[in-house]
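Here's the structure we're looking at; comments come further down.
So you know, we letter chains A, B, ... as the sequences are listed, proteins then strands, and number each from 1.
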2 protein chains.
Amino acid sequence: MNIGEIAKRAGVSRSTVSYVLSGKRTVSEELRRRILTVIEELDYRPNAAARALKEGRTRTLGLVIPPASQRLTDMQLGFVASVVEAAAGADLDVLLSPSGGDHERSFERVVTGRRVDGVILMEIRLEDDRVSRLRQSGLPFVTIGHPADAADVWWIDVDYATLITRCVHHLADLGHRHIAFVNRSAELVAAGYGPGHRALAGFTSAITERGLAGVDVCCPDDAAGGEDCLERLLADHPEVTGLVTINEAALPGVQRALERAGLRVPRDFSIAGVAGRHWAEDFRPPLTAADVPAMEMGDEAVRLLQERIANPATPPRHILHAPPISLRSSTGPRRH
Amino acid sequence: MNIGEIAKRAGVSRSTVSYVLSGKRTVSEELRRRILTVIEELDYRPNAAARALKEGRTRTLGLVIPPASQRLTDMQLGFVASVVEAAAGADLDVLLSPSGGDHERSFERVVTGRRVDGVILMEIRLEDDRVSRLRQSGLPFVTIGHPADAADVWWIDVDYATLITRCVHHLADLGHRHIAFVNRSAELVAAGYGPGHRALAGFTSAITERGLAGVDVCCPDDAAGGEDCLERLLADHPEVTGLVTINEAALPGVQRALERAGLRVPRDFSIAGVAGRHWAEDFRPPLTAADVPAMEMGDEAVRLLQERIANPATPPRHILHAPPISLRSSTGPRRH
DNA sequence: TTGTATGCGTTATCAC
DNA sequence: GTGATAACGCATACAA
């Protein structure tokens, strides 16, 4: 079914059909009716490839995600979901591309095959090859997270340094003097994962500012890893009475280790961090945390990307979120 | 950058370049070299839209997911991840389309705009409009889950009836006489969500077969809902000593309610169910459950779809998974 | 072994 | 207000 067939059945030319569809020139009411009826009857819809070829744009956004092998966190999932939702709201389709692992080809196809009008990139490293690649390709893109050298890229991020700093101050205000920072996995941090580094910087500076004793550890991104990690931490640093973290996936394990050590939260031990809202609320006890507005951020990513596609010359825009810390029930005064 | 530009710079015709790329006819080694060098230099890649238009296929699969508003379960996430991974492995791209909610347009675009060569559908209802729509459209599709009338559709599913039956037998063997079934949310079940109905059927028949007393309840798909639900259940049916469930998202709440009621798992109360492996393992105590092979199923969905695209006349194939129940630590003998 | 010509389905320019 | 026609970039049947 193509536009020519519609034209034939309606007894008009192809261009008239096209103009009825686009509304870019006036068509007599009679023909309009007739054409729309035929379109309806045959359930005709323009061929996307032909349209893309002619118009030079695909009405499709690329979304580059971490490979599946590495399980997506709740927060990442929130980004994906909200990007898809926002794109659908703007009548845009979303092409998913796993990066990393052995998926170079998928990424290359998206970037260089003109399959999309723009790209949204997640899980940004401080030095990120994909960002360089995209920069050089000229394809509009927006990142969720930002690389070290980010002046010329459009991005949206969470201000991990500030948030972790606030968490430390909160614990310090409650009287805690020995505080631990539970980071994401060692591999991720070693690979230059931005939030890991920025959160650590925030932790270190706050610890110094308040004259506290701080210890930081990397921790695998799952419950079992969290359990091991905290067990070791408690053994090596029994003086620690509270922790701050950006590793939501490790928390169930963290809590099990605390329980096993006979420590109650928040009576004997306080936990604060950065996490998705659902996560923080479903945790027991509910987690005192900065609630990352994942839904909003996906939305913004799509908006920014549309803006950039529409007007490539616009100077870069950055959005840095520092949501307030929601006081729940996982932090309390230090017990003597 | 197009194929003509490459041809000009290499001093050959466009078709020669095209044939070098496709390998569909022999090209002298000298020209081949020259052309490949130019391609390399300019980092040329064929325009996907032009190729799709010419070839009549897009090398893209559609993946229809539930809307983001309704949070994806761990299992659904596993499907998405594995589909994307498998598709990437076959050099196929994946176009994501949220369905339900107010995303009709997105679904219609995918189905009727020839944006994809085939579609993978998730979260199937017994009577599913999207399946009917796809059936009538002639576009090849595979479902994860299956509708009531599924003889002519290609699908992959988990045998919820059998698995829940096994769970009931397992509890019965341990001496439990009063068993509850915790279903997915009432809305989902009312909407004809397949697993909800089939699992319930399996539960009922097993209860009857063993001469037990069974009670079944619907339960919201989140921790808070699970907590409420179990609290009510324990109040109304204090004789119940074990439950089986397909609602993994409710389990943290279920457990909290049990704890609050002073019931220990598995000493005082047994839990068995169907869940993703990670989920079951991370649970405390680790969950005795049939581990849904989500990764494998996404893979199969892509393979089946490729098969169907390649050979539309092949009779439909169905794959029904009934993974064994992994004995972990959430079930034990009834206490007297 | 290579080149020329055609058409995929659209949109948009030009002519009427 | 409407119709004919030329691209868009590619793959391939047909010529040489």
Of B:E55 and A:R51, the one whose closest DNA chain C nucleotide lies more 5': B:E55

N/O donor-acceptor pair under 3.5 Å between A:S82 side chain and A:A294 backbone: yes

Separation of C:dT11 P from B:L53 CG (nearest whole Å): 12 Å

Candidates B:V84, B:V83, B:I65 - the one meeting side-chain contact (heavy atoms from CB on, under 4.5 Å) with B:L96: B:I65

B:S18 versus B:S15, side-chain donor and acceptor atoms under 3.5 Å: no

Check ion pair A:D117-A:R59 (N to O, under 4.0 angstrom): no

Sort me out a list of protein N/O and nucleotides 2-4 of chain C N/O pairs below 3.5 Å, or just none if empty.
unit_1: C:dT2; atom_1: OP1; unit_2: B:S28; atom_2: OG; d: 2.6
unit_1: C:dT2; atom_1: OP2; unit_2: B:S28; atom_2: N; d: 2.5
unit_1: C:dT2; atom_1: OP2; unit_2: B:S28; atom_2: OG; d: 3.3
unit_1: C:dT2; atom_1: O4; unit_2: B:R25; atom_2: NH1; d: 3.1
unit_1: C:dG3; atom_1: OP2; unit_2: B:S13; atom_2: N; d: 3.1
unit_1: C:dG3; atom_1: OP2; unit_2: B:S13; atom_2: OG; d: 3.2
unit_1: C:dG3; atom_1: OP2; unit_2: B:T16; atom_2: OG1; d: 2.6
unit_1: C:dG3; atom_1: N7; unit_2: B:S15; atom_2: OG; d: 3.3
unit_1: C:dG3; atom_1: N7; unit_2: B:R25; atom_2: NH2; d: 2.9
unit_1: C:dG3; atom_1: O6; unit_2: B:R25; atom_2: NH1; d: 2.7
unit_1: C:dT4; atom_1: O4; unit_2: B:S15; atom_2: OG; d: 3.2

Terminal contacting nucleotides, 5' and 3', DNA chain D versus chain A (heavy atom, 4.0 Å): D:dG1 to D:dG9

Euclidean distance, atom CG of residue B:N47 to atom P of C:dT10 [Å, nearest integer]: 17 Å

Protein-nucleotide distance (B:R115, atom CZ; C:dG9, atom P), rounded to Å: 16 Å

Ion pair check, B:R57 and B:E55, cut-off under 4.0 Å: yes

cation_pi(A:R133, A:F107) dist<6.0 Å, angle<=45: no

A:F141 backbone acceptor or donor facing A:R308 side chain under 3.5 Å: yes

Under 3.5 Å side-chain donor-acceptor pair for A:R115 and B:T60: yes

